[in-house]
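First comes the structure, then the notes that go with it.
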Amino acid sequence: MSADAVATLAARLRAALRVTVLTGAGVSRASGVPTFRGAEGLWRQFRPEDLATPEAFHRDPALVWEWYAWRREMIAACRPNTAHDVLARWSETGCRVVTQNVDDLHLTAGTRNLVRLHGSIWELACANGCGQPRWRDERVPLPEVPPVCPRCSSLARPAVVWFGEGLAPEDVEAAMHACTCDVFLAVGTSSLVYPAAGLVGEARRGGAFTVEINTERTAASAQVDLAIQAPAEAVLLRVDELRTTNSEPRTLNRT
Ligand code: BJW
Ligand code: ZN
């Protein structure tokens, strides 16, 4: 980890009034949640088109649910790591956190006003669209797989966003709004999946100082003002230390 880059980021954060952080699967890696892409990613073992599309669910809901039940079990054993904890603290002073993660570890860590662009693996929805609002079910294992809708008894689905599906308009609007900021950080995301991957460019066009924190170079590395190639949990902890030891913590986003 470059000490200069980390010091630059800490200084930018001290001077910033509005800070937004976009997170991806890399933020939960240190908690034990697998990422999607990369050497140990889920897409090495499974094809997204077999498991993470509406067509896949229509074709074989039992298979799709088996995969989600397995992931729910794995995630249930995971706790938030330092990266989640630091971002939860920053959110208390107004930092906006937008996540692509469905594991809800940001919520467990206590992050306020979280925007969950791709939904939650702990929430279910009626696959038949009968009007039943989505519901939360954290039971592991689920008593019935595939589970059914409590209102109309047709199949339930995980309340996550699959490829080819639109994101909730209010989440997209909140994320776009958060792009108007002084510092925008893209943390632990491969920046390949849209519309989330477009947010960093949006923030930059709006005048934000853009930063990437990732263990690898990504599609966004050449686009950002500062790319820090190191684990998110280590960088955020160090930045948080510098930010709070060199000055009083600032109240963000209160303009
Ligand atoms: C670390 C680390 C450590 C590891 N520290 N770093 C424009 C252009 C091209 C294509 C499209 C486009 N617009 C739309 C599309 C199509 C598609 C898309 O983007 N395809 C691309 C792949 C080409 N997008 C969609 O379909 C989206 N829908 C949409 O746009 O709808 C339009 C529409 C409108 C109206 C009606 C109908 C349609 C939906 C996308 C949904 C994505 N869903 C998933 C699954 C969620 C549910 C589940 O979990 O099962 O979301 S796919 C998967 O990818 C998941 C993630 O949230 C998402 C992003 O992945 P992420 O977080 O970046 O993870 P990884 O694994 O890719 O990267 C991890 C990174 O961490 C790596 O870089 C590591 O190096 C790093 N790392 N350890 C720091 N310790
Ligand atoms: Zn229903």
Side-chain angles (χ1 to χ4, degrees), residues 1 22-44 46-57 64-65 67-72 74-75 81-84 98-104 116-135 147-169 171-172 185-201 212-221 227-237:
M1 178 184 358
L22 169 70
T23 67
V27 160
S28 293
R29 188 66 204 95
S31 295
V33 183
T35 59
F36 292 91
R37 296 162 189 85
E40 291 168 17
L42 291 168
W43 297 154
R44 278 288 163 104
F46 309 98
R47 284 162 21 112
E49 53 274 39
D50 290 343
L51 298 163
T53 65
E55 295 75 21
F57 186 74
V64 172
W65 261 115
W67 190 60
Y68 278 94
W70 169 70
R71 286 175 59 204
R72 283 167 59 103
M74 196 160 43
I75 294 168
N81 64 62
T82 315
H84 298 107
V98 177
T99 190
Q100 298 167 81
N101 299 345
V102 300
D103 56 35
D104 280 356
R116 294 176 300 171
L117 286 176
H118 295 161
S120 167
I121 201 163
W122 301 112
E123 291 175 16
L124 276 63
C126 174
N128 203 27
C130 73
Q132 163 73 27
R134 57 181 50 191
W135 65 98
V148 295
C149 169
R151 186 168 185 218
C152 73
S153 300
S154 45
L155 276 180
R157 57 163 285 176
V160 299
V161 183
W162 286 323
F163 284 114
E165 292 188 309
L167 285 66
D171 292 338
V172 176
L185 288 93
V187 187
T189 175
S190 56
S191 292
L192 289 171
V193 174
Y194 285 81
L199 296 174
V200 66
E212 174 180 73
I213 304 173
N214 199 303
T215 45
E216 310 282 336
R217 281 189 71 76
T218 74
S221 305
I228 302 179
Q229 208 175 318
E233 56 282 6
V235 177
L236 290 175
L237 179 64

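Both counts, for ligands and for their atoms, begin at 1 and track the order of listing.
- The nearest protein atom to atom 24 (N) of ligand 1, hydrogens excluded, is given as Y194 O, 3.1 Å; this is a heavy-atom distance.
- A side chain to side chain donor-acceptor pair (under 3.5 Å) check over residues 188-199, counting only residues at least two apart or in different chains, returns the pairs Q100-T189.
- By the criterion of a heavy-atom distance under 4.0 Å, the backbone of E165, and not its side chain, is placed next to ligand 1.
- With hydrogens and angles left out, the side-chain atoms of T23 and H84 include no donor and acceptor closer than 3.5 Å.
- Protein heavy atom in closest approach to atom 45 (C) of ligand 1: V161 O, 3.8 Å.
- Below 3.5 Å of separation, one finds an N or O of A25 facing an N or O of ligand 1.
- Figure legend: R157 and W65 shown without cation-pi pairing, the cationic atom not lying both under 6.0 angstrom from the six-membered ring centre and within 45 degrees of its axis.
- Remark: W43 pairs with F36, W67 by the ring-ring contact (aromatic ring centres under 6.0 Å, His included) rule, at least two apart or across chains.
- Legend: salt bridge (charged side-chain N to carboxylate O under 4.0 Å, His left out) pairs involving residues 35-44, not counting sequence neighbours, sorted by first then second residue: R29-E40.
- Residue V160 touches ligand 1 through its side chain alone, judged by heavy-atom distances below 4.0 Å.
- Contact check for W122 versus R72: side-chain heavy atoms found under the 4.5 Å cut-off.
- For the pair L199 and L117, the minimum side-chain heavy-atom distance is below 4.5 Å.
- Under 4.0 Å from ligand 1, the heavy atoms of R29 that appear belong solely to its side chain.
- For the Zn ion (ligand 2), protein N, O or S atoms closer than 2.8 Å were enumerated as C126 SG, C130 SG, C149 SG, C152 SG, with waters left out.
- Checking side-chain atoms of R151 against main-chain N and O of C130 turns up a donor-acceptor pair under 3.5 Å.
- In this structure, P195 and L167 have side chains that are in contact, with non-hydrogen atoms separated by less than 4.5 Å.
- Of all the listed residues (G188, A83, G166, P34), G188 holds the heavy atom that lies closest to atom 69 (C) of ligand 1.
- Contacts of Y68 with ligand 1, taken as heavy-atom pairs under 4.0 Å, involve the side chain alone.
- At a heavy-atom distance under 4.0 Å, only backbone atoms of L192 (N, CA, C or O) approach ligand 1.
- Close N/O approach between A232 and ligand 1 is found [any backbone or side-chain N/O within under 3.5 Å].
- For atom 21 (C) of ligand 1, the nearest protein heavy atom lies under 4.0 Å away.
- L51 has its side chain out of reach of F163: every pair of non-hydrogen atoms, C-beta onward, lies at least 4.5 Å apart.
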